[in-house]
K.L.:
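This is the structure, below, for whatever I ask next.
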Number of protein chains: 2
Amino acid sequence: MINQTLRDMLQSHGLKATFQRLTILEYLMTHETHPTAEMIHDNLPSISLATIYNTLDKLVDVGIVIVIDTLKDDKRHYDYYGEPHYHIINSNTSEIIDADNFDVTQLFEAARQASGLNITGFHIEVYGVGPNQAK
Amino acid sequence: MINQTLRDMLQSHGLKATFQRLTILEYLMTHETHPTAEMIHDNLPSISLATIYNTLDKLVDVGIVIVIDTLKDDKRHYDYYGEPHYHIINSNTSEIIDADNFDVTQLFEAARQASGLNITGFHIEVYGVGPNQAK
DNA sequence: CCCTCTTTTAGAATTATTCTAATTTAGTTA
DNA sequence: TAACTAAATTAGAATAATTCTAAAAGAGGG
Ligand SMILES: [Mn+2]
Ligand SMILES: [Mn+2]
Ligand SMILES: [Zn+2]
Ligand SMILES: [Zn+2]
């Protein structure tokens, strides 16, 4: 049994705790990178690429994982979403940096006021360049 | 001459003021929708799809236009970026709502502190659902 | 241990986007 | 205005990320 906590995490969202899901989720939780489906598949070659995509879709649906569209390539990057955080993308290197030093409370309240919707989530990507580097 | 202001806007960013660029830019400025390349092409059929893509890429490069990845479809949506603003996406309808009632100053400062980078831009997408509607 | 619904899978299909290479054009210069 | 040239446009082909299909396997409940 890979990990009872992961098993519970999946089942509490109504997902069966398959070997593939446990493996992919553990991979995302233990790696600082923000891999694409293909990168995950390269590291977990025994799991079919179709299952990598299916699993990521499910994990995103229930909110355990988020998608990052960097605009730096045309691939989706995935990220275990333990605690709310946002992403800073280095336009020179395409590196994706995690950051959590920003309170989204005001943003949620502003969005609720502007739209009248019940806010369920957010994506923030901030782009930057290294000192003395062109955009 | 379509509009001298648009012409200046392009030339000030080092872009030649072609008929196609002026037309596409005007289209984005005068439509509240957040169209895909294909939607723009449907409305401006005399401009080739390749040029639509090329032009949007250039306009995004210089910051006049931004890309919105809604996660609701697998197409990029484009938006004239006159004033800084963010997007609220209705998960039920996939509608994209413009909002500017949020000051990004603190976000920029937080991102600078977290990364050491010079911040050049940002994307914020907030997701929400209508009252009494499931996610 | 069954049963049933869900999940996995290989491979094919789709399609948004990119590429190519030939033609046209914007903006500059004389 | 005419000539020049680097940049832009274009049709169509190519690419490749993602989705689909339908058959086999597995998870979890009873
Ligand atoms: Mn985004
Ligand atoms: Mn694609
Ligand atoms: Zn992250
Ligand atoms: Zn907008």
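Just so it is clear: chains get the letters A, B, ... in the order the sequence lines come, proteins before strands, and each one is counted from 1.
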K.L.:
In Å and rounded to the nearest 0.5 Å, what is the OG1 to CD distance from B/Thr55 to B/Gln20?
P.N.:
7.0 Å
K.L.:
Between atom NE2 in A/His77 and atom C1' in D/dA17, what is the gap in whole Å?
P.N.:
12 Å
K.L.:
Using a cut-off of less than 4.0 Å, is there contact between a side-chain N or O of A/Thr51 and OP1 or OP2 of C/dT8?
P.N.:
no
K.L.:
Could you tell me whether the side chain of B/Val126 reaches within less than 4.5 Å of the side chain of A/Leu107, counting heavy atoms only?
P.N.:
yes
K.L.:
Report yes if a side-chain nitrogen or oxygen of B/Gln20 is closer than 4.0 Å to either non-bridging phosphate oxygen (OP1 or OP2) of D/dT10; otherwise report no.
P.N.:
yes
K.L.:
Please determine whether a side-chain nitrogen or oxygen atom of B/Arg76 lies at a distance below 4.0 Å from atom OP1 or OP2 of C/dA16.
P.N.:
no
K.L.:
Whole angstrom is fine here: how far is it from NZ in B/Lys72 over to P in C/dA16?
P.N.:
18 Å
K.L.:
Can the ring centres of B/Tyr80 and B/His31 be said to be less than 6.0 Å apart?
P.N.:
no
K.L.:
Between A/His87 and A/His85, how do the two ring planes meet: parallel, tilted or perpendicular, split at 30° and 60°?
P.N.:
perpendicular
K.L.:
Write down the distance between CG (A/Asp74) and C1' (C/dT15), rounded to a whole number of angstrom.
P.N.:
13 Å
K.L.:
Name the one of B/Thr33, B/Thr36, B/Ile89 that satisfies side chain to side chain contact (heavy atoms under 4.5 Å, CB included) with B/His77?
P.N.:
B/Thr36
K.L.:
Are B/Val65 and B/Leu44 linked, directly or through intermediate hydrophobic residues, by side-chain heavy-atom contacts shorter than 4.5 Å (ILVMFWY only)?
P.N.:
yes
K.L.:
Can you tell me the distance, in whole Å, between the CG atom of A/Asp73 and the P atom of C/dT18?
P.N.:
11 Å
K.L.:
To the nearest Å, give me how far apart CG (A/Leu71) and P (C/dT18) are.
P.N.:
11 Å
K.L.:
Using whole Å, what does the distance between atom C1' of nucleotide C/dT20 and atom CG of B/Asn54 come to?
P.N.:
12 Å
K.L.:
Run the ring-centre check on A/Phe122 versus A/Phe108 and record whether the distance is less than 6.0 Å.
P.N.:
yes
K.L.:
Does a side-chain N or O of A/Lys58 approach OP1 or OP2 of C/dT7 to a distance below 4.0 Å, or not?
P.N.:
yes
K.L.:
Choosing from D/dA17, D/dA11, C/dT9, which nucleotide comes nearest the side chain of A/Glu38?
P.N.:
D/dA17
K.L.:
Under a 3.5 Å cutoff, is there a donor and acceptor pairing between the side chains of B/His123 and A/Asp69?
P.N.:
no
K.L.:
Treat each ILVMFWY residue as a node, draw an edge where side-chain heavy atoms are under 4.5 Å apart, and state whether B/Ile97 and B/Val104 are in one component.
P.N.:
yes
K.L.:
Do the side-chain N or O atoms of A/Arg21 get closer than 4.0 angstrom to the phosphate oxygens (OP1, OP2) of D/dA27?
P.N.:
no
K.L.:
Over the length of the helix from C/dC1-D/dG30 to C/dA30-D/dT1, how much do the five-pair end axes diverge, rounded to 10 degrees?
P.N.:
50°
K.L.:
Measure from the side-chain heavy atoms of A/Thr55 and tell me the nearest of C/dT8, D/dA8, C/dA10.
P.N.:
C/dT8
K.L.:
Which of residues 9-18 of chain A sit near DNA chain C, with a heavy atom under 4.0 Å from it?
P.N.:
A/Lys16, A/Thr18
K.L.:
Over how many whole Å does the gap from A/Lys75 atom NZ to C/dA16 atom P extend?
P.N.:
19 Å
K.L.:
Considering heavy-atom distances to DNA chain C, does A/Ser48 or B/Asp57 have its closest nucleotide positioned more toward the 5' end?
P.N.:
A/Ser48
K.L.:
What distance do A/His34 atom NE2 and A/Asp79 atom CG have between them, rounded to the nearest 0.5 Å?
P.N.:
3.5 Å
K.L.:
Would you indicate which nucleotide in D/dA17, C/dA10, D/dG12 comes nearest to any side-chain atom of B/Ala50?
P.N.:
D/dG12
K.L.:
Of the nucleotides C/dG11, C/dT18, D/dT10, which has the atom closest to the B/Tyr53 side chain?
P.N.:
C/dT18
K.L.:
Rounded to whole angstroms, how far apart are CG on B/Leu59 and C1' on D/dA7?
P.N.:
15 Å
